[in-house]
Amino acid sequence: MRKIMPLAIFVCAALLMIPNVGHAQGEEFGSVAGFIYDGDGESPIKEAKVILKPVNGDQKKEYESEPTGDTGDYQLSGLPAGNYVAAVRIKSGKVYTTLSVVKITAG
């Protein structure tokens with residue numbers, strides 16, 4: 001297995017998240033989707049999970065994606081509007097946390 005460059009994972013995870021928001025039963029939710037790549041920016045990371053943790057509110061709450069597919073794709077739906085810190089957990093269990101905040105907006 002080649003060495004993964006964490007900074008590149010962070011950048012790809014943060015930059016490739018595409019917010020998609022909507023309303024559900026009077027509450028406002030959103031979703032985020034994207035791709036996770038290795039340090040070369042081209043090789044997808046398979047079987048990784050994207051984790052979002054709220055910046056405010058319940059600090060113990062986490063939202064975790066299903067494992068990424070062959071293309072490194074992920075999606076998280078049903079996220080309450082707010083600010084989140086993103087992390088990536090690779091197959092080995094190691095977690096890389098980003099330094100950027102992901103904002104999920106409603107409406």
Side-chain angles (χ1 to χ4, degrees):
M1 179 178 198
R2 64 187 171 276
K3 183 177 178 181
I4 296 174
M5 298 175 69
L7 183 57
I9 291 173
F10 297 166
V11 172
C12 288
L15 294 178
L16 294 175
M17 292 183 187
I18 305 167
N20 180 14
V21 296
H23 298 280
Q25 298 178 337
E27 293 189 46
E28 298 179 358
F29 295 92
S31 62
V32 70
F35 299 87
I36 304 297
Y37 294 104
D38 199 345
D40 63 9
E42 295 179 13
S43 303
I45 298 178
K46 301 172 191 174
E47 299 183 43
K49 293 182 179 184
V50 174
I51 303 162
L52 294 181
K53 299 178 186 182
V55 172
N56 300 319
D58 186 358
Q59 299 292 321
K60 295 179 183 177
K61 180 74 175 171
E62 287 186 352
Y63 298 90
E64 184 174 282
S65 72
E66 293 294 319
T68 55
D70 290 342
T71 62
D73 60 308
Y74 70 91
Q75 180 175 356
L76 279 160
S77 300
L79 299 168
N83 295 318
Y84 296 84
V85 173
V88 176
R89 180 179 295 126
I90 60 173
K91 186 177 176 179
S92 70
K94 184 159 175 98
V95 176
Y96 297 94
T97 302
T98 67
L99 299 177
S100 41
V101 174
V102 176
K103 183 175 184 176
I104 303 296
T105 57

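In this text the structure is predicted, and so the values were computed from the model without any measurement. For reference, positions follow the sequence shown, starting with 1. In what follows, every heavy atom counts, from backbone to side chain, and hydrogens, waters and symmetry copies are set aside.
Residue Tyr74 holds its OH atom at 13.5 Å from CD of Glu64, rounded to the nearest 0.5 Å. Interatomic distance, NZ of Lys94 versus CZ of Arg89, reported as 12.5 Å (0.5 Å rounding). Note that OH of Tyr96 is 12.5 Å distant from CD1 of Ile36, once rounded to the nearest 0.5 Å. Note that the CD atom of Glu47 and the CD1 atom of Ile90 stand 11.5 Å from one another [nearest 0.5 Å]. Considering OG1 of Thr105 and CG of Leu79, their distance stands at 11.5 Å, rounded to 0.5 Å.
Thr98 approaches Val85 most closely through the heavy-atom pair O-CG1, 3.9 Å. Gln75 and Ser65 make their closest contact through O-CB, 3.7 Å (heavy atoms, listed as atom of the first residue, atom of the second, distance). When all heavy atoms of Ser31 and Ser77 are compared, the pair lying nearest together is CB-CA, 3.7 Å. Minimum interatomic distance between Thr68 and Ile45 (heavy atoms only, all atoms of both residues): OG1-O, 2.7 Å. When all heavy atoms are compared, the tightest approach of Pro80 to Phe29 is N-CD2, 3.8 Å. Taking all atoms of both residues into account, the shortest heavy-atom contact from Pro54 to Lys61 is CD-O, 3.0 Å.
Residues Ile51 and Val32 do not share a hydrophobic cluster, clusters being chains of Ile/Leu/Val/Met/Phe/Trp/Tyr side chains in contact below 4.5 Å. Taking hydrophobic clusters as Ile, Leu, Val, Met, Phe, Trp and Tyr residues chained together by side-chain heavy-atom distances below 4.5 Å, Leu76 shares a cluster with Val102.
Checking side-chain atoms of Ser43 against main-chain N and O of Asp38 turns up no donor-acceptor pair under 3.5 Å.
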